[in-house]
Each structure stands twice: as C-alpha cells, then as structure tokens.
Amino acid sequence: MSVGLKVSAFLHPTLALSSRDVSLSSSSSSLYLDRKILRPGSGRRWCKSRRTEPILAVVESSRVPELDSSSEPVQVFDGSTRLYISYTCPFAQRAWIARNYKGLQNKIELVPIDLKNRPAWYKEKVYSANKVPALEHNNRVLGESLDLIKYIDTNFEGPSLTPDGLEKQVVADELLSYTDSFSKAVRSTLNGTDTNAADVAFDYIEQALSKFNEGPFFLGQFSLVDVAYAPFIERFRLILSDVMNVDITSGRPNLALWIQEMNKIEAYTETRQDPQELVERYKRRVQAEARL
C-alpha cells in the first residue's frame, strides 16, 4: 500500500519527543514527559517564539487506518516486505522517511499499528519485542529505528543516505550516537529538571550543522543523520514554542535553514502530523500524569 497526503501553509511551528523506540505495552504506549512545565531561565537563547513563519501542516491525508485489536492478522512471511509503524511515533517516522526517500513506496508496504489498541497478533506473530518500527524482510523481522534506517539504506535500491568519505562517516556515527542524549536533554528542560539542558543541546545541533559547507544538512548532503533527528526536532520545536514560548531557531541560523530545507523534502513532509494535534497530545499526556 502507498501513502499520500496533502499539505498547506500553517502559521505555527511544527515538530519531535522521546529517546527510545516506543513499546506497545499498555503501560508504556505513550512517550513519557514529566508533569512539570517550567519556564527556562533567562539564557541568551530562550527568546519568545515568533509565530509568523509559514510552515507545512497536514490538512488532508489518504493514510490507511491503523490496525487495532479488531483487525485481522497480517499474513507474515508471505514474501511481502512490510514496515510496521505508528503514525504518531517519532522512531517509526525515521524508518518511514528513509523508505520514502529511497522511493520504496511500492516495495515496502506500510502497516500502521494503533498503539493504544494494539492487535495481540502483532507481538505473537510479527515482532515479539512489541515495539515500532519493525521491518519484515526476507523471512525475518528487524527492529530499532537507527538500525532500520541503516538497513533500508543498505539493502534496498534508491538514493543513498550514507555519507561519502571517512570524515563524514565518523561525524555521522558521532551524531547518531548523540540522538538519545539530545532527546533526554530537551526533555529535562521540559520537565523542569534542568532549565539549561535544551539550550546546550540545540547549541550542539547548531554547531554540528556548520561542520560541512556543501549544503544545509548535517553532512552537507541529506543523509541518515537528518532522518534520525527530523522527527524529534519537529516535535520539540512545536512543544517548546507552544508550551514555553521558546523559539529554538533564535540565534541559530544553521538550524533555521535546516528546518526550512527539510520542509522542502517530500519524503519527510508526507510523514508529518498536524502541529496542533501534536501539541494537544503532549498536553493531554502531561495532564494525565499530573492526576496520578
């Protein structure tokens, strides 16, 4: 099955959340961010958000419905290649972007799973780890988002997402290794644990984007590194703007340009969610945790 959607200009920032692939168990089916929402200190980066920059927002989608507990089981290992995702999961979004960028819409079937009402057969017959994303290929199922984007790039035809040259490969490995630390740092600011952590993390991103001058992306050319960070920067930008009135691009021209150029890549924009829906989901999650 292939996925298509329409987009339009929307006067609101967009964009990302947690740091580990999402479990489908009922106790952890949502990404956890602490219940506290505190404003950061008066650091030089934490400027009021400017909500005037038009960005792309999903307004209509032809995405197929997610499979839930009432859905019939997929015929696993029937020769098809399938990518199991959730439309709301940033980790799954990574693999989805890679699949799209490689032009594999007709070769890798997208199978969306409802994380809140998951089918029992997913864990029993597809992926025992019970997480998304997962890739069914050559009679086996693979998981973990960073591993999957590398696997998709290596084992399928299409434009390469792997950098050329030893220096870029070393930088790519360093940046991919930093993804969890980046997400944890931003979350620690959102939950009030460390008000300066997000500022430091986005400064790191700004500096990383200045390493190569061949283009606006992390390695100059669009690569696995951009795929890995895009879903999270997407969500963090939106949440920090809406909840804390913070503009992450203030004083960071490289990051601002990167976001602008990412929004020109259809393989990415067709995976994005409605910005208002993203931030409302975050607020509901925090409110639910506050009641516990």
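Computed from a prediction, not measured in an experiment: that's the story for all the values here. When a residue number appears, it is its place in the shown sequence, counting from 1.
Looking at residues two or more places apart in sequence or on another chain, you find no salt bridge (charged side-chain N to carboxylate O under 4.0 Å, His left out) involving E72. Every residue two or more places apart in sequence or in another chain was checked for a ring pair (Phe, Tyr, Trp, His ring centres under 6.0 Å) with Y127, and none qualifies. For Y84, the side-chain hydrogen bond (donor to acceptor under 3.5 Å, both in side chains) test picks out E136, with sequence neighbours left out. Take S70 and apply the side chain to side chain contact (heavy atoms under 4.5 Å, CB included) test, not counting sequence neighbours, and it matches D68. Partners of A208 according to the side chain to side chain contact (heavy atoms under 4.5 Å, CB included) rule, which considers only residues two or more places apart in sequence or in another chain, are L175, F218. D153 meets the side-chain hydrogen bond (donor to acceptor under 3.5 Å, both in side chains) test with K102, T162; sequence neighbours excluded. Residues that satisfy the side-chain hydrogen bond (donor to acceptor under 3.5 Å, both in side chains) test with K150, not counting sequence neighbours, are absent from this structure. With sequence neighbours left out, the ring pair (Phe, Tyr, Trp, His ring centres under 6.0 Å) criterion links Y204 to Y178. Among residues two or more places apart in sequence or in another chain, the side chain to side chain contact (heavy atoms under 4.5 Å, CB included) test is passed with Q207 by S210. Checked against side chain to side chain contact (heavy atoms under 4.5 Å, CB included), P73 has the following partners two or more places apart in sequence or in another chain: W121, K125.
Taken from CD in Q169 to OG in S223, the straight-line distance is 11.0 Å, to the nearest 0.5 Å. Atoms CD and SG, from Q273 and C89 in turn, are 9.5 Å apart once rounded to the nearest 0.5 Å. Summarising the geometry, atom NZ belonging to K211 is positioned 10.5 Å from atom CG belonging to L219; distances are rounded to the nearest 0.5 Å. Going from atom NZ of K184 over to atom OG1 of T179 covers 9.5 Å, rounded to the nearest 0.5 Å. The CD atom of E206 sits 9.5 Å away from the OG1 atom of T249 when rounded to the nearest 0.5 Å. Separating the CG atom in D194 from the OG1 atom in T189 is a distance of 5.5 Å, to the nearest 0.5 Å.
Between H137 and Y151, the two ring planes are perpendicular [angle over 60°; tilted spans 30° to 60°]. Between F182 and F236, the ring-plane angle classifies as perpendicular under the 30° and 60° cut-offs.
Here the side chains of K283 and D242 are in contact, with some heavy-atom distance below 4.5 Å. Two residues are said to be in side-chain contact when any heavy atoms from C-beta on lie closer than 4.5 Å; L255 and R237 fail this criterion. Inter-residue side-chain proximity for I152 and L161 is flagged as unmet; no heavy-atom pair is nearer than 4.5 Å. For the pair V227/Y268, no side-chain contact is recorded, criterion being any heavy-atom separation below 4.5 Å from C-beta on. Considering only heavy atoms from C-beta on, I233 comes within 4.5 Å of W258 through its side chain. Proximity of Y101 to P159: side-chain heavy atoms (C-beta onward) are separated by under 4.5 Å at one or more points. Using a 4.5 Å heavy-atom cutoff, the side chains of F217 and I265 are in contact.
When all heavy atoms are compared, the tightest approach of I149 to A98 is CG2-CB, 4.1 Å. Counting all heavy atoms, side chain and backbone alike, I248 lies closest to L240 at CG2-CD1, 3.6 Å. The minimum heavy-atom distance between A228 and L146, with the atom names listed, is CB-CD2, 3.8 Å. Closest of all the heavy-atom pairs between M262 and T269 is O-CG2, 4.1 Å. For the pair P65 and P112, the tightest heavy-atom approach, listed with the atom from each and the gap, is O-CG, 3.6 Å. Summarising the geometry of F91 relative to V132, their closest heavy-atom pair is CB-O, 4.4 Å, with the distance given to 0.1 Å.
Taking a 6.0 Å sphere around CD of E261, one finds it holds more than 12 heavy atoms contributed by other residues, nucleotides or ligands.
Checked by atom type and distance alone, the side chain of S177 pairs as donor or acceptor with a backbone atom of D173 at under 3.5 Å.
For the pair R63 and Y87, the cation sits on the ring face: its NZ or CZ lies under 6.0 Å from the ring centre, inside 45° of the axis.
Neither F202 nor L257 shares a network with the other; the hydrophobic side chains, linked directly or stepwise wherever heavy atoms of I, L, V, M, F, W or Y lie under 4.5 Å apart, form separate groups for each. Transitive grouping of hydrophobic side chains (ILVMFWY, heavy atoms separated by less than 4.5 Å) brings V286 and V243 into a common cluster. Follow the hydrophobic side-chain contacts under 4.5 Å out from V225 and you never reach V170; the two are in separate clusters.
The stretch residues 155-171 participates, sequence neighbours left out, in these salt bridge (charged side-chain N to carboxylate O under 4.0 Å, His left out) pairs: K107-E157, K168-E214.
For the pair D199 and R252, the salt-bridge criterion is met [side-chain N within less than 4.0 Å of a carboxylate O].
Membership of an apolar cluster is not assigned to V200, as no side-chain contact below 4.5 Å to another ILVMFWY residue is traced.
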